[in-house]
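Right, one structure below, let's go through it.
All figures in this text were calculated on a predicted structure; none of them were measured in a lab.
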There are 2 protein chains.
Amino acid sequence: MKTAVKQRTYQGEQTHKEILKAAIDIASAEGLEGLTIGRLAGELKMSKSGLFAHFGSKEELQLATVEAAREIFVQEVITPSFPIERGLPRLQSMLEAWVSYMEKSLFKGGCFFAAVSAEFDSRPGPVRDRIVALIKSWLDTLEDEVREAQSRSQLNMRIDPAQVGCEVHAVVQEANRAYQLLRDRRAFDRARQAIRWAIESAAVSVTPRVAN
Amino acid sequence: MKTAVKQRTYQGEQTHKEILKAAIDIASAEGLEGLTIGRLAGELKMSKSGLFAHFGSKEELQLATVEAAREIFVQEVITPSFPIERGLPRLQSMLEAWVSYMEKSLFKGGCFFAAVSAEFDSRPGPVRDRIVALIKSWLDTLEDEVREAQSRSQLNMRIDPAQVGCEVHAVVQEANRAYQLLRDRRAFDRARQAIRWAIESAAVSVTPRVAN
DNA sequence: CCTACCGATCGGTAGG
DNA sequence: CCTACCGATCGGTAGG
């Protein structure tokens, strides 16, 4: 009896995970609104209401999908950089992990957060609020590591940490867009190059972009 | 009789323009799929089928909306820079016009092309094809002006024009995203600053980002 | 430009 | 987890 219950709970959890994996894939390509319950049920060969039972509403499904995507992002991009020394080394490590993660094209539609942040930037509600908070927090993490690099004399004290954070964020996002739209894989190395220049030009002693 | 016909044609054209103006506004905020015929008809206080008569299908409406948005972009960003001397001056003029155009927030959801390119990057079809072609053409325009600046000895011959084109494109897109998502108006000046640095570090004689 | 429809699909519920 | 529904809305059509 006890085993059966446990079995069912384990099965339920597995199903839950499978649903969210498929949901991230669909949402990265067609958005969190394009993620309809019927579409998702069809993909998983489940009934609509069977799937629906796992979540109370479409909004709850969207929020759970955002959370699942967040966990993968943290695991792929942030956690591997924890052992790295703080300051410039960790900043570079996180940025390289981020570019690699995009280059691997883990999800059908590329970066999940790039897709859904554009989709929800004008749709008020808890889903937008959560997406905004996560992106803000990632920008803060980058900015903070720039500040740490300054305090360790790895970057010039006179540059604005927010400015450098935004610049590196910008070029990585551009790589995702260029790849998704133009299918140009050179976009990833361009992002790496742009990151190097953004960091070098903020260094304590500036190295020119090209030899003159 | 003839006047009446002309009148009706003129009226029809006016209505057509009004529809597309509203369509761009809705699509910039809620996407070209969120632009439903019922929603658009409601906004314009027309019947669904009355509005539908102007276009043969939803796809035709989407394509017409993309074209209308393109015309506004050309008029706001590209045309004003035609009188400017080619090379670095024209490049800077186009980029400043682009940032200003975003800062003005002409449409409800910010940059139309930022919104719909993210939405359609995984939806094959003529709408995606058209959006991709327009974005490709804008990137080519920027890259071409970098090349012109090189041939006029305003930028270093050893830098890659595509790299600089992508970088400036990236930082302007980042400004739109940051403003739409975080409502931080400093994003526009950060974009201007990032453009200056991208250009300065590609100049014939490099100026450091900060005085050392 | 309108009214009056069509089948399909949406999010969601009842009941098991 | 299922079948069998609900009202609302979707893109689109007929006929005027």
**Asked** Among pairs that include at least one residue of residues 103-124 of chain B, which meet ring-ring contact (aromatic ring centres under 6.0 Å, His included), considering only residues two or more places apart or in two chains?
**Response** none
**Residue pairs passing the ring-ring contact (aromatic ring centres under 6.0 Å, His included) test where at least one lies in residues 12-47 of chain A, sequence neighbours excluded** = A:H16-A:H54, A:H16-A:F55
[X] [atom1] - [N] [atom2] separation (whole Å):
| X | N | atom1 | atom2 | result |
| --- | --- | --- | --- | --- |
| B:K45 | C:dC2 | NZ | C1' | 18 Å |
| A:M46 | D:dT3 | CE | P | 11 Å |
| B:H54 | C:dC1 | NE2 | C1' | 7 Å |
| B:E43 | D:dT9 | CD | P | 15 Å |
| A:F55 | D:dC1 | CZ | P | 10 Å |
| B:E13 | C:dC1 | CD | C1' | 16 Å |
| A:L51 | C:dG11 | CG | P | 11 Å |
| A:E33 | D:dT9 | CD | C1' | 14 Å |

Output a table of nitrogen or oxygen pairs between the protein and nucleotides 12-14 of chain D separated by less than 3.5 Å.
from, atom 1, to, atom 2, distance (Å)
D:dG12, OP2, B:K58, N, 2.5

**Request:** Mind jotting down which residue pairs meet the side chain to side chain donor-acceptor pair (under 3.5 Å) criterion with at least one end in residues 107-134 of chain A? Sequence neighbours excluded, please.
**Result:** A:E67-A:R130
**Message:** Let's see if you get this right: which residues in residues 16-27 of chain B place a heavy atom under 4.0 Å from DNA chain D?
**Reply:** none
**Prompt:** What pair of heavy atoms forms the shortest contact from B:K48 to B:I37, and how long is it?
**Reply:** O-CG2, 3.9 Å
**Message:** How close do B:I159 and B:V146 get, counting heavy atoms only, and between which atoms?
**Reply:** CD1-CG1, 4.1 Å
**Prompt:** A:S100 and A:E96: side-chain donor and acceptor closer than 3.5 Å?
**Reply:** yes
**Request:** Verify whether one side chain among B:E167 and B:Q163 offers a donor that lies under 3.5 Å from an acceptor in the other.
**Result:** yes
**Message:** If you count heavy atoms of other groups shown closer than 6.0 angstrom to CZ of A:R186, is the number above 12?
**Reply:** no
**Message:** Looking at B:R86 and B:D144, is any side-chain nitrogen of the basic one under 4.0 Å from a carboxylate oxygen of the acidic one?
**Reply:** yes
**Note: B:E18-B:K21 ion pair, threshold 4.0 Å (strictly below)** = no
**Prompt:** Does the side chain of A:T36 get closer than 4.0 angstrom to OP1 or OP2 of C:dC10 through an N or O atom?
**Reply:** yes
**Complete:** Symbol by symbol from the 5' end, with Watson-Crick or G-U pairs under 3.5 Å, [ ] crossing and | another strand, DNA chain D is ||||||||||||||||
**Request:** Taking the six-membered ring of A:Y179 (Phe, Tyr or Trp), confirm whether the NZ or CZ of A:R183 is under 6.0 Å from its centre and within 45° of its axis.
**Result:** yes
